[in-house]
Amino acid sequence: MCGITGWASFHHDVRPQTRVIEAMTATLTPRGPDAGGVWLGEHAAIGHRRLAVIDVEGGAQPMPDRPGVPTAVLSYSGEVYNHHELRAELRGRGHSFRTRSDTEVVLRAYAEWGEGLGEHLDGMFAFAVWDERAQRLLLVRDRLGVKPLFWAAVDGGLAFASEPKALFAHPELRPRVDADGLREAYSLLFNTGPTVWSGVREVEPGGLLLLDRDGIRERRYWQLEIGRHTDDREATVERVGQLVGAAARSQLEADVPLCSLMSGGIDSTVLTALLADELRLREGPDARIRSYAVDYSDQAEQFTGDVLRTGHDTPYATEAGAFIGTDHSTVVLDPRSLLDLKHRRAVVVARDSPIGVGDMDTSLYLLFGEIRRHSTVALSGEAADEVFGGYPWFHHPKALNAGTFPWLLVTGDEAAMPLNPELALRIGEFRADTYRSALAEVPHLDDETPAEHRQREMQYLSLTRWLRQLLHRKDRLSMAQGLEVRVPYCDHRLVEYAFATPWDLKSFDGREKSLLRAMGAGLAPDSVLYRPKNHYPATHHPDYNRGLQMMARDALADDQVRAIADETRIKPCLDTPADRLEWGHRLRLERVVDLALWLNHHKPELAV
């Protein structure tokens with residue numbers, strides 16, 4: 001995993017601007033702590049920071065296609081899991097290789113297929129190719145948007161980066177936020193394309209961008225489509241097992257220590273069991289995979305359920321680790337570490353955004369830091385809920401019947417920080433317009449029942465919006481610690497198959513994630529397979545709530561914070577007894593604190 005950045009301009013010779021590309025690249029050092037490099041041509045500057053995972057010695061970047069005067073230069077982030085198969089195919093087409101890296105496979109794939117190379121790659125990736133011969137810049141992002149890729153216009157071209165902070169090291173770009181940006185951030189709709197930053201956009205998941213002297217062109221090489229599902233229940237369960245197993249096996253390759261994130265839920269436990277079995281096949285019966293979970297001090301005594309959490313994870317994770325045979329560790333965090341301003345500031349800096357989920361972000365960041373002491377790669381069960389229908393909104397009539405994005409109903413709109421009414425952002429209208437546009441994208445079969453039609457909408461919205469903000473969170477917080485996190489449930493073949501599967505098969509046992517539970521039989525303890533859906537844990541310690549209230553009071557002393565947040569609707573949350581502070585109201589306080597930290601660090605120009 002790595003960080004990429006650079007720019008291309010047809011109005012200037014960029015070769016004298018070594019300091020600029022070095023400054024842009026330096027901002028991404030946490031993403032790539034092992035090495036860095038830059039390349040400059042007359043009209044393009046390319047930077048790279050490397051986290052060495054495969055071919056540690058041979059995968060240096062930016063990578064030219066040949067020594068001396070290259071015809072193409074690549075800066076690449078991610079992993080291509082079918083690189084062995086592609087290498088063999090490309091050799092058969094006459095290409096030769098100098099390294100074992102998947103980076104070089106991507107470079108040779110560009111030489112063979114040009115802008116069509118994305119369709120040949122299986123994995124998570126974001127990369128830039130400067131074609132010196134064609135004088136063209138190509139940006140490509142993976143199908144589900146696991147890896148980030150941002151861009152902004154500059155004189156004569158555009159700049160790009162894995163994170164917006166690298167763009168702001170370019171002299172033509174400054175952090176600026178307008179009303180549209182605040183609307184994008186605080187509507188909780190998770191659009192892709194526009195961002196909180198004025199003028200900064202994302203390359204769409206499954207998309208590519210081309211820049212040449214004729215201008216900028218964007219297109220999608222992949223999008224979620226619907227096919228006719230013909231398998232019966234038994235065949236569907238078998239096929240799901242094949243797809244999940246293949247994805248897990250393909251993502252086990254690394255030349256560095258690897259582990260699994262295992263919370264004690266069905267998603268991560270089934271995945272860890274598959275990884276453990278494959279590791280024993282490759283390395284012998286005594287091989288054991290490391291697994292990690294997070295918990296909070298006094299959680300066993302303090303835990304209280306809420307709309308997203310039904311139980312305490314640690315006993316289930318411990319039981320699963322013993323059942324599978326992993327080297328399992330639980331990282332236990334206390335309120336002091338979660339409230340530490342150094343940690344919270346690091347999270348906000350990593351996100352480049354004021355929107356997060358407070359202690360859950362900080363705890364994930366700290367968990368990743370602890371894991372990084374022992375491993376460079378971790379595998380995660382992210383996306384199983386979206387793929388297999390695990391969220392409450394797939395099952396609650398209120399959410400199914402609502403005319404808005406389902407997570408707004410289940411999590412409660414109070415989770416969104418109330419904004420100063422003087423901003424006149426008209427969030428309600430924005431949500432309604434966006435919802436209509438989102439539904440218009442959903443593919444359907446002509447003979448769907450109304451219930452099937454609605455479930456297809458719910459799954460599409462979950463996969464194309466809700467999932468993307470979870471992937472964004474996991475990428476930013478893991479890469480801030482120099483840890484690569486892989487997500488096998490995001491394999492596009494599995495996503496396509498599950499999306500086409502009728503809802504009655506996805507819920508054949510009357511519960512969430514029926515297909516995953518059926519294919520996971522024997523891989524996990526029954527206690528895990530049949531426990532209710534549980535979201536990522538949050539601390540319930542009153543000391544944390546008290547500390548958060550103090551931090552929020554300090555944040556509201558800032559004029560810029562009060563210009564954005566509705567102080568009158570936040571103050572009641574400050575006066576609630578700490579042991580009775582509801583999760584949704586607490587999240588308001590978390591967002592006030594994060595807003596203050598974001599404004600203080602990024603110092604954006606507010607044009608609202």
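The basis for the numbers below is simple: all heavy atoms, side chains too, and nothing from hydrogens, waters or symmetry mates.
Side chain of Tyr489 to main chain of Asp267: a donor-acceptor pair is present (N/O by atom type, distance under 3.5 Å, no hydrogens or angles). Using a distance-only test at 3.5 Å, with no hydrogens or angles considered, no donor-acceptor pair links the side chain of Arg282 to the main chain of Asp277. In this structure a side-chain-to-backbone donor-acceptor pair under 3.5 Å is present from His343 to Ser337.
A heavy-atom distance below 4.5 Å is not found between the side chains of Val387 and Lys506. In this structure the side chain of Thr539 reaches within 4.5 angstrom of the side chain of Arg586, judged on heavy atoms. Residues His540 and Asn545 are not in side-chain contact: their nearest non-hydrogen atoms beyond the backbone lie 4.5 Å or more apart. Side-chain contact check for Val80 versus Asn82: some heavy-atom pair is nearer than 4.5 Å. Within the 4.5 Å cutoff, no side-chain heavy atoms of Ser514 are placed close to those of Phe388.
Ring-plane geometry between Phe190 and Trp407 is classed as tilted, the angle between the planes lying from 30 to 60 degrees on a 0 to 90 degree scale. Using cut-offs of 30° and 60° on the angle between ring planes, the pair Phe405 and Tyr435 is perpendicular. Using the six-membered ring where Trp is involved, His492 and Trp222 have ring planes that are perpendicular, over 60° apart on the 30 and 60° scheme. Between Phe125 and Phe127, the ring planes lie tilted relative to each other; the angle falls in the 30° to 60° range.
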- [ ] Kindly indicate, with the supporting measurements, whether the criterion side chain to side chain donor-acceptor pair (under 3.5 Å) is fulfilled by Ser527 and Tyr316.
- [x] CA-CA 7 Å; Ser527 61; Tyr316 295 95; over 6 Å; no
Open item on the list: Arg431 vs Ser187, test: side chain to side chain donor-acceptor pair (under 3.5 Å). Steps then yes/no.
Closed with: CA-CA 7 Å; Arg431 283 174 169 168; Ser187 64; 5.5 Å; no
Task: Check against side chain to side chain donor-acceptor pair (under 3.5 Å), His229 and Thr236 - done: CA-CA 9 Å; His229 187 87; Thr236 299; 2.9 Å; yes
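With Arg344 as the fixed residue, the salt bridge (Lys or Arg N to Asp or Glu O under 4.0 Å) test singles out one of Asp361, Asp594, Asp359: Asp594.
Here the closest heavy-atom approach between residue Gln455 and residue Leu400 is recorded as NE2-CD2, 3.6 Å. Minimum interatomic distance between Ala438 and Leu461 (heavy atoms only, all atoms of both residues): CB-CD2, 3.7 Å. For the pair Ser260 and Ile289, the tightest heavy-atom approach, listed with the atom from each and the gap, is CB-CD1, 4.1 Å. For His395 against Trp503, the heavy-atom pair with the smallest separation is CE1-CZ2, 3.7 Å. Here the closest heavy-atom approach between residue His83 and residue Val105 is recorded as O-CG2, 3.8 Å.
A salt bridge does not link Arg141 to Glu204: none of the charged nitrogens lies less than 4.0 Å from a carboxylate oxygen. Under 4.0 Å is where a charged nitrogen must lie from a carboxylate oxygen, and between Glu283 and Arg280 no such pair does.
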Would you mind writing out the side-chain donor-acceptor pairs for residues 237-248 within the sub-3.5 Å range, not counting sequence neighbours?
unit_1	atom_1	unit_2	atom_2	d
Arg239	NH1	Gln242	OE1	3.2

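Here Tyr221 pairs with nothing under the ring pair (Phe, Tyr, Trp, His ring centres under 6.0 Å) rule; sequence neighbours left out. Taking the ring pair (Phe, Tyr, Trp, His ring centres under 6.0 Å) definition, one finds that His453 meets it with His444, sequence neighbours left out.
A side-chain donor-acceptor contact under 3.5 Å links Tyr296 and Ser363. Using modelled atom types, one finds no donor on one side chain facing an acceptor on the other under 3.5 Å when comparing Glu512 with Tyr391.
Going from atom SG of Cys490 over to atom CD of Glu382 covers 7.5 Å, rounded to the nearest 0.5 Å.
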